[in-house]
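The analysis underlying the following values was restricted to heavy atoms, covering all of them including side chains, and did not include hydrogens, waters or symmetry mates. Residue numbers begin at 1 in each chain, while the letters A, B, ... track the order of the sequences.
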Amino acid sequence: DVKVTQSSRYLVKRTGEKVFLECVQDMDHENMFWYRQDPGLGLRLIYFSYDVKMKEKGDIPEGYSVSREKKERFSLILESASTNQTSMYLCASSLGTAPTMNTEAFFGQGTRLTVV
Amino acid sequence: AQKVTQAQTEISVVEKEDVTLDCVYETRDTTYYLFWYKQPPSGELVFLIRRNSFDEQNEISGRYSWNFQKSTSSFNFTITASQVVDSAVYFCALLVFWSGTALIFGKGTTLSVSS
């Protein structure tokens, strides 16, 4: 079974702190994603990566950056955490690109981040 | 532009009732994939089904069934004889062939099934 593991289930950070959210997948997937989930807004894409060292902005990249130094690991970085970044963060991975049938994304358990 | 609309924010039913969750999508592309995911209270999204745009056959899996209609750009999900364990947030999502690899999600429908 594909496993996507997020390093923390709950995090509490202070405003202005630099925050790292880590995600690891064990199925050699090319694509990895970071989404943010807020009530009434669904899941919104922050960044994604289709290869090592490659990254693409999603719908809401402001205030975030990402790092993908190894294929299995995709990190989301909040450069200077703010209270409006309090949210549930979901990491996902998928194999291949749309032309293949292996396009479903597998999700981690989520990290609930609170910025105080 | 691509978009997924789940007009029902919350639905409450009593056990054994049938319930349909609506999903309407927008895309100009002819090749795309549609998905349903379930998010139980534990938080992890669970994949339920994938459909490509060339396959309009309805699908049934146990108590779950999906109705894909390109004419109305809809991909509705029906749970027959609902159970308390079906209580969750359900997301419909779209993946367009030429847009890359990221899923576009609707805002989700929260289903509450009471006993």
Part of [X] within contact of chain B (heavy atom distance under 4.5 Å):
X: L45(A); value: side chain
X: R9(A); value: side chain
X: E56(A); value: neither

Starting at [atom1] of [X], measure out to [atom2] of [Y] and round the result to the nearest 0.5 Å.
X: L48(B); Y: E104(A); atom1: CG; atom2: CD; result: 10.5 Å
X: L103(B); Y: Y35(A); atom1: CG; atom2: OH; result: 4.5 Å
X: Y37(B); Y: F107(A); atom1: OH; atom2: CZ; result: 5.0 Å

May I ask you to check whether over 12 heavy atoms, not counting those of K70(B), lie within 6.0 Å of atom NZ? yes
Of the backbone (N, CA, C, O) and the side chain (C-beta and beyond), which part of Q39(B) lies under 4.5 Å from a heavy atom of chain A, both, or neither? side chain
Cluster check [X], [Y]: I/L/V/M/F/W/Y, side chain < 4.5 angstrom:
X: Y25(B); Y: I49(B); result: yes
X: M88(A); Y: L11(A); result: no
X: V24(B); Y: V89(B); result: no
X: L95(A); Y: V24(A); result: no
X: F91(B); Y: Y33(B); result: yes

In terms of heavy-atom pairs under 4.5 Å with chain B, the winner among D38(A), L90(A), L43(A) is L43(A)
Leading residue by heavy atom contact count with chain B [cutoff under 4.5 Å; candidates A92(A), G42(A), P39(A)]: G42(A)
Go through V4(B), T9(B), T110(B), L45(B) and name the one with the most non-hydrogen pairs under 4.5 angstrom from chain A. L45(B)
